[in-house]
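Working notes, beginning with the structure itself.
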Amino acid sequence: MKKSAQIHKALTIFAYTVMLTGMTLLLAVVFRYPQNHLIPRQMIPGVGICVIVLLAAGALWNKIYFLIGKRTPLYLLALAIFGVLLYITSLSRQGNENTLVDYTYVYRDAMNLATGGTLEYTDYFVTYSNNLKPMLLLSVWFRVAVLLGISPFHFVLLRNVLLVLLVVWACGYLTEQKGDCRWRFPILLTFAFLLPLWDMVSVFYTDSMSFGLGILALALLKKAGSTKTNKGKTLWSVLAGAVTVLAIIWKITAIIPLIAGAMILLWQREKADRRVLMQYAAAAIVFGVGLQLWANTYDVTRKAAVTANPVISWVALGMKEDGSWTNNTEFVDHMYEFSTRQEKQQYSMEYIRENRSEFWNPVHLRKKASYNFANGNLGASAFLNVEYSDGTLLWEMFSPWGKYYWRTCQYCFCYLVSMYVLLLIGMILSLRNIIRDQEPPVMLMICQLGFIGIVVFLMFWEASGRQMYNQMPGILLGSVLSIEYFWKNLSLKPRK
């Protein structure tokens, strides 16, 4: 083996050792300190049972697939049924904008602009500009619905359901290898059993509007690379660029899978179609600049550039306690005393310097990790946080006052953490095979790095369980790929 190859292998082993250490510590915190008053001694066996069931289901599916084959029409029918059920179930959530305060501001002012009115909450958007462009984009969707003479809620709900279906397709497509698409149906089932999805799809906030956009962009780039015609390459590349820009605007964490993909492809020295990459970059730049110019036509955008909270303020917000907004109101209130972005940035930097020791406090890190990653319902309860029942099963399941809230939290925790465990299993097998000079699947490595990426990000950012919601497609994809990798490493390969 050449010296350069030895160095590459050693660095890869080191990187996986670090990731495994981080995953082990994270799981230790998650199991020991679950959210929603869950009991650790109940959750640990529950997660264990879920992992065993999922691994067994993967082995069973290999045999079923051998008997039935691709059956693309059957898959498309299942996808359509899933979409219809998701849409019908979500119809009952109309009016949910009156729950989370930030969402209320975004929803109402988007509707005001769509109907020709003026902004009611200008002070909010010139302070929290991260929600300004999402509000403007949502107003476009509402305006189209108004022009078509249909309900804005029903119209945007359709958009969100179609996005989920596209993301499910993208995950299935990213698992395909040489025409083998056996894992697309199991991936569809993982989405169907993700209970928070059934509540969050009806929310037109940044978390749900950015759901899986990074994974979708990856799939579009793969499609562009595999297409033989120049027109096809251009079409898929441009679409990938547009989706990437939308991901950045809705919620920038949605592009973490793209960043992980670029890093893995560079590290593994994988060949990439330069034409596709250039067209993708050009499309992203054109769409990005175009949307920025459009946003600048609004006075509130220009005002926000001077007065909005700087990015660093979200890091400062997460420095103490569990890193959440609720437990750091002192910092939040003090920020209102400043009128310019420059003053706010200076104060945020001073606050970070003063609380550096607090940030590295093990108790703080433990609380923050628990708040971010041990909340199985992914913050869905924030949009049903009302005491009065609306008579729906979703309220009973996700509202803190609901009859089935605790049981739902138990299920959601076991489901989510079982995905973490599957990712850990995939990392262990990847490290073992790298030591044996066997490369893990590239897509699995991307999902693993993407998960570590969101973990690192949220440990420095404001803590919020909802931040994990738009990362779930990558987590589910990585978990299914880990199941496949597990059985392949046990020499229980699917028959061909």
Side-chain angles (χ1 to χ4, degrees), residues 27 43-83 85-86 164-165 167-198 212 215 219 376 410-430 432-433 438 440-445 447-448 451 472-496:
L27 282 172
M43 296 299 98
I44 293 173
V47 171
I49 292 170
C50 281
V51 171
I52 293 171
V53 168
L54 289 168
L55 289 173
L60 179 62
W61 174 250
N62 275 329
K63 296 182 179 180
I64 295 174
Y65 184 83
F66 172 73
L67 295 174
I68 68 174
K70 288 185 178 181
R71 296 294 178 95
T72 298
L74 186 62
Y75 168 73
L76 294 177
L77 176 62
L79 193 63
I81 292 173
F82 174 56
L85 291 176
L86 196 58
V164 171
L165 298 184
V167 171
V168 173
W169 163 82
C171 289
Y173 179 65
L174 288 171
T175 65
E176 290 185 21
Q177 296 180 9
K178 299 178 181 179
D180 186 350
C181 53
R182 73 183 61 231
W183 295 104
R184 61 184 180 179
F185 189 75
I187 282 178
L188 169 58
L189 291 179
T190 62
F191 278 86
F193 284 99
L194 181 65
L195 288 188
L197 174 67
W198 295 83
I215 290 291
Q410 285 183 311
Y411 167 85
C412 290
F413 180 90
C414 290
Y415 188 77
L416 177 63
V417 179
S418 66
M419 298 301 165
Y420 296 167
V421 174
L422 289 172
L423 286 173
L424 176 66
I425 292 172
M427 289 180 187
I428 293 171
L429 294 172
S430 297
R432 187 196 71 164
N433 288 342
Q438 299 172 5
V442 170
M443 197 62 232
L444 177 59
M445 295 177 74
C447 292
Q448 292 167 348
F451 180 75
M472 285 310 299
I475 293 172
L476 296 178
L477 174 59
S479 301
V480 172
L481 290 173
S482 295
I483 294 173
E484 178 189 29
Y485 201 46
F486 175 82
W487 290 116
K488 282 186 175 180
N489 277 269
L490 288 184
S491 299
L492 297 177
K493 298 181 180 180
R495 299 178 184 178
K496 296 183 180 180

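Only a predicted model underlies this, so the values are computations on that prediction, with no experimental measurement involved. We use all heavy atoms of the structure for the numbers below, so side chains are in, but hydrogens, waters and symmetry mates are not. Sequential numbering from 1 along the given sequence is applied to the chain's residues.
In this structure, CG in L423 is found 7.5 Å from SG in C447, a value given to the nearest 0.5 Å. To the nearest 0.5 Å, the span separating CD1 on I428 from CG on L424 amounts to 4.0 Å. Of the inter-residue distances, the one linking L85 atom CG with W198 atom CH2 reads 5.0 Å to the nearest 0.5 angstrom. Once rounded to the nearest 0.5 Å, the distance linking CD1 of I425 with OG of S430 reads 11.5 Å. Remark: L54 CG to T190 OG1 distance equals 9.0 Å, nearest 0.5 Å. Atom CG of L188 sits about 8.5 Å away from atom CG of L165, to the nearest 0.5 Å.
Judged by distance alone, the side chain of W183 and the main-chain N or O of G58 form no donor-acceptor pair under 3.5 Å.
Here the side chains of M472 and L416 are in contact, with some heavy-atom distance below 4.5 Å. Taking 4.5 Å as the limit, some side-chain heavy atom of F82 sits within range of a side-chain heavy atom of V164. Two residues are said to be in side-chain contact when any heavy atoms from C-beta on lie closer than 4.5 Å; V417 and M43 fail this criterion. In this structure, the side chains of C171 and I215 come closer than 4.5 Å at one or more pairs of heavy atoms.
Taking each heavy atom of G172 and T175 in turn, the nearest pair found is O-OG1, 2.6 Å. Of all the heavy atoms in I187 and V168, the pair that sits closest is CG2-O, 4.3 Å. Looking at every heavy atom in both residues, G212 comes nearest to V167 through O-CG2, 3.7 Å. Shortest non-hydrogen contact noted between C50 and C414 is SG-CB, 3.8 Å.
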| L444/Q448 under side-chain contact (heavy atoms from CB on, under 4.5 Å): CA gap, chis, key distance, verdict | CA-CA 6 Å; L444 177 59; Q448 292 167 348; 3.4 Å; yes
| said: Set out, in order, the CA-CA distance, both residues' side-chain angles and the distance that settles side-chain contact (heavy atoms from CB on, under 4.5 Å) for L174 and L477, then state yes or no. | reply: CA-CA 8 Å; L174 288 171; L477 174 59; 3.9 Å; yes
| Test log, rule side-chain contact (heavy atoms from CB on, under 4.5 Å), inputs L481 and M443 | CA-CA 8 Å; L481 290 173; M443 197 62 232; 3.8 Å; yes
| request: Report the C-alpha distance between V480 and L476 in whole Å, list the side-chain angles of each, state the deciding distance to 0.1 Å, and finish with yes or no for side-chain contact (heavy atoms from CB on, under 4.5 Å). | output: CA-CA 6 Å; V480 172; L476 296 178; 5.6 Å; no
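Using the six-membered ring where Trp is involved, W61 and F185 have ring planes that are parallel, under 30° apart on the 30 and 60° scheme. The aromatic rings of Y411 and Y415 sit parallel to each other, their planes meeting at less than 30°, with 60° as the upper class boundary.
Proximity of the aromatic rings of W169 and F191 is defined here by a centroid distance below 6.0 angstrom, and this criterion is not met.
Atom CZ of R432 has more than 12 heavy atoms from other residues, nucleotides or ligands within 6.0 Å.
Cation-pi contact between R184 and Y173: absent, since separation from the ring centre below 6.0 Å together with deviation from the ring axis within 45° is not met.
By the 4.0 Å N-to-carboxylate-O rule, R182 lies close enough to D180 to be salt-bridged with it.
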